[in-house]
Amino acid sequence: MNENGTKRREWVKNAMIVFLTVMLLLTFFSNTIMNYSLPEVAAQYIQSGTITAKIRGTGTVESGDPYNIQAKETRTVESVLVRAGDTVQKGDVLFVLADKESEELKAAQDALESSLLDFELQILSGNVSNSVINNVQSGKVSSVSTYQSQIVAAEAEIEKWEKEIEEIELAISQLNALKGQLSFSTPDTSEEEKKLAEAQAAYEADSYKQAKDKIADLDSKIAECEQVIEKYKPENNPVVGYEEEVSGGNIIYNAVYEVSHDEYLKAVANHSIYVGQKESYQPFVTAEAEENYEKLEKALNEAKTNLTNKQNSVDAQSNSVSVQLTNWNLELTDKQKKLSDATDAKNQLLSDIAAELNLGSKMDRINEQRETIAELQANAMGATIEAPISGTISSIGITAGQDMTAGSTIATMQPEGKGFTMSFSVTNDQAKRLSPGVQAELVNSWRYDDVVVTLSKIKPDTSDPAQKKLLEFTVTGSVVDGQTLNVSVGDKSANYDMIVPNSAIREDNNGKFILIVETKSSPLGNRYKASRVDVEVLASDDTKSAISGAVYGYEFVITTSNKPVEAGQLIRLADQ
Amino acid sequence: MNRFRDFLSARNIVLWISGIVSFLVFLVLYGIAALLSGSQTSQQMAERWSERKDVAQISCFFSPNAAMSPDRIESFRHSLDSALQEASIVQDSPNANARLWADAYSADGQITVSSERARVTADAIGIGGDFFLFHPLQLLSGSYFSESDLNQDYCILDEDAAWQLFGSNNVAGQIVTIGGVPHMVAGVVHREDGRLEEAAGLDSTVIYVSYNTLDALGNNNGINHYEIVMPNPVSEYAYNYVKENIGVTEKEVEVVENSTRYDLPERLKVIADFGTRSMNGKAIIYPYWENIARGYEDIIAAITLFALLFLAYPVALLVIFVVISWKHKTWTAKGIYLHLQDKGERKMEDVREKRLRRKQHKDRFDEEEDLL
């Protein structure tokens, strides 16, 4: 029992010793052990200084106002006497051309020949008047105003004739109308007709006449009846038989004649009636009545003649109109002939003028071509091309032995005294910070002795006008066309009290902040803690930023760490 | 005493100890998984951006056929601004310059960088937006740059490139030439190394330039990545918004919610996708950080699986123990109730006695007083 107890006590004692030793070690080295687990940070103090925001860009130098030397004809170059970059004075020989008849000269000679042929063909075509040919050959070509006045005169003549013809035609049409009117319209004979009708009525109504007429009528009837009586009187009309007729219970015997007796009886009756009637009219036939009647008759005749006279008068008028018409028509034809003459004259004039002008221009062209040929011939031998201005050769576009085509640029020059330009595009934000006139620095400026680059213009960039701007610089000094320059253009620099490196600025959804190191001393050494301060970035450049916030200006700001650091965390400082 | 001894039989002890050990192993594995997921800084933008859990980080990865361009990203940003305004999500921070969201995009390609003494042709990542906010690589010198800087001609080298071009790491501010255009070195970063990292694409030098530089002066393979940290008032709000409005068909984009990808449900989903996870149906090449994140997804999922198995054992034991105890219990509910009642009555009696005694004592005292 005792042994067991002793063993147990030994065991407990040993355990306690081991335990306490470990505790002691841990306590003494607790700081070091803890430090190994903390993030290690680099920090530096807030400083004051200046910040200049610089905008960097690269552009190609171009000549400001290049001068292109062009070839005038197609020739072969014998030798090129200058190189790109050479400075030349006005009149210096740049190229020597080979002595060869140029293609232009040949072409010009061919053209002259064809123009001469053309000219002669036109003259001999036959529809050009001699006066015109003489004028042209002697060089006496009238001016445009002379032509114009001639044409105006011819047109005036034509107008005159046309006007006269118009007048005649108007008259003719008027007469025609009149004639038409006469033939269609009936003369106004209403008066005469009325008188005639009255006379006729009176005449008809005259009782004498009526009586006379009636008596005549009756006479003829009486004569008729007498004829019938004579024909069928019983002496001439024998009875041939008797006819039985029953009438009222009696038998009556009627005589039947050869020809019907009724006619005879009727005629006898009528005869007596007519005689009676004639008697009744007889008193109307008196000498006075007869006189009256004759008067009325005469009046009637008068009325009739008046009427016929009136009708004939219209015919006479119609005849005179026809005569007038014939006269006018003759005049019309005459005037029309004159008009056509005038028109022909004008046409002839126009064609003459045209021919004159045409030939005149052909003559001019021939003269020009003769001049060109003379010029080219003068240039054919031993020609050189000289510098038209003083300046620097930017580039040569041709080598010795090559043919240069007329119109092509064989060299470009930068005129003396004119500057170079350079441009590149930047974003709107960058352009906002710049203003024209500011001078740009060259990156690697020690390479360039005397090059000065100045911002001259800020323009919208056509390739992206909403987002970009084009910066234009003027460049002076020893640069050449096509050289690339890297420049940085700066804002105005400003002083700030609180400046930290860019790596010190952090951000989360509460804005930008910095972490500063707070020191707490403890019995076992200094403890460092990271704490957060919200800041606002006022300006920044490539390496540092100016801040403002709840900082005094002497804080120790955490820049980098080997593990992510959060605000409130314990940290350890890297060895400074 | 007997029961206690029964309880301490060998078999029970073994079971108990193995259960506890298994539980401890589960805790350890779970802890390791948590540690691994916590080490992925590129997936933790949401926590860096806001302490409250109301933001989410969403990443999209595009295939080259999607033909993503900075213009489309710009229009997405504008649509997001108006959508947030419509949803009445406004900035309530005291700082006037605080932003509701931050984004970044990148394209990969190749670029040739020359300094005065050397030239390096390397993989390049052309960045836009605030790329380094999302990927806070360890800076050895200098600082980061972003799309909102005044000049876009910065580049960030890794240590290898800095060594080749200059011979030192402290080269922030030096000028290098890319395609004939001078660029300024903004900083030098440390390139992660490790088995996963090298397989993910970090096996050779990487140079970070602005997207404009890569497009104009290098070989641009197209924008293949866009990510954003934005308000997430309800779960999946940000994820759904980005998926619907990014303007690319589902076949050409992969959308991932970084802030929840290592949570337990997502890990279980990775375990469930076992077998189909290696299949690739979209022509998308992931940038190196996404490859690393996916590698860790696999590892964490495997660890979680084992952890759960180790958890299952003690849980099963516990359940069996409870069931057996219940079956063999010697007490009933009624018995306990009566026991408690009994105890209560006894307590009441005690209290009554005490009170009576005190009263008697007091009466006697009063009597004595009266007598005095």
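Here is how names work: the chains are called A, B, and so on, in the same order as the sequence lines, proteins then strands, and each is numbered from 1.
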Problem - Distance, nearest 0.5 Å, that separates CG of Asp542(A) from CZ of Phe145(B) - result: 12.0 Å
Fill in the blank from the handout: Applying a strict 4.5 Å limit to non-hydrogen atoms, the region of Lys563(A) in contact with chain B is neither
Handout entry: Proximal component of Thr41(B), with respect to chain A [non-hydrogen, under 4.5 Å]
Key = side chain
Fill in the blank from the handout: Heavy-atom nearest pair, Ala98(B) first then Gly511(A), reads CB-N, 3.4 Å
Problem - Pairwise side-chain contact, Glu566(A) with Glu47(B), heavy-atom cut-off 4.5 Å (strictly under) - result: no
Handout entry: Side-chain H-bond candidate by donor/acceptor type, Asn151(B) with Gln430(A), under 3.5 Å
Key = yes
Fill in the blank from the handout: Here the gap from Thr427(A) atom OG1 to Gln152(B) atom CD, rounded to the nearest 0.5 Å, amounts to 8.0 Å
Exercise for the section: Return yes when atom CG of Asp497(A) has more than 12 non-hydrogen atoms of other residues, nucleotides or ligands closer than 6.0 Å, and no otherwise. Expected result: no
Practice task
Using a 4.5 Å cut-off on heavy atoms from C-beta on, say whether the side chain of Arg433(A) contacts that of Leu150(B).
Solution key: yes
Handout entry: Rounded distance [0.5 Å steps], OG1 in Thr58(A) versus CG in Asp153(B)
Key = 8.0 Å
Handout entry: Reported OG-to-CG distance for the pair Ser561(A) and Leu139(B), which is rounded to 0.5 angstrom
Key = 9.0 Å
Handout entry: Glu507(A) with Arg99(B): basic N within carboxylate O range, under 4.0 Å
Key = yes
Practice task
Between chain B and each of Thr559(A), Asp508(A), Asn510(A), count heavy-atom pairs under 4.5 Å; write down the option with the most.
Solution key: Asp508(A)
Handout entry: Over all atoms of both residues, closest heavy-atom pair of Asn486(A) and Gly180(B)
Key = OD1-O, 4.5 Å
Practice task
Give a yes or no on this: more than 12 heavy atoms of other residues, nucleotides or ligands lie within 6.0 Å of atom CZ of Arg77(B).
Solution key: yes
Problem - Pro564(A) portion near chain B, given a 4.5 angstrom heavy-atom threshold - result: side chain
Exercise for the section: Determine, for Phe132(B) and Arg506(A), whether the Lys NZ or Arg CZ falls below 6.0 Å from the six-membered ring centre while staying within 45 degrees of the axis. Expected result: no
Exercise for the section: Can you tell which part of Val487(A) gets under 4.5 Å to a heavy atom of chain B, answering side chain, backbone, both or neither? Expected result: neither
Exercise for the section: Mark yes when over 12 heavy atoms from residues, nucleotides or ligands other than Arg8(A) sit less than 6.0 Å from its CZ; otherwise mark no. Expected result: no
Exercise for the section: May I ask you to check whether over 12 heavy atoms, not counting those of Trp101(B), lie within 6.0 Å of atom CH2? Expected result: yes
Handout entry: Glu536(A) side, atom CD; Asn95(B) side, atom CG - distance, nearest 0.5 Å
Key = 7.5 Å
Handout entry: Over 12 non-hydrogen atoms of neighbours within 6.0 angstrom of CD in Glu74(B)
Key = yes
Handout entry: More than 12 heavy atoms from other groups under 6.0 Å of CD on Glu51(B)
Key = no
Exercise for the section: Heavy atoms only: give me the nearest Ser503(A)-Ser143(B) pair and the separation to one decimal. Expected result: N-CB, 3.3 Å
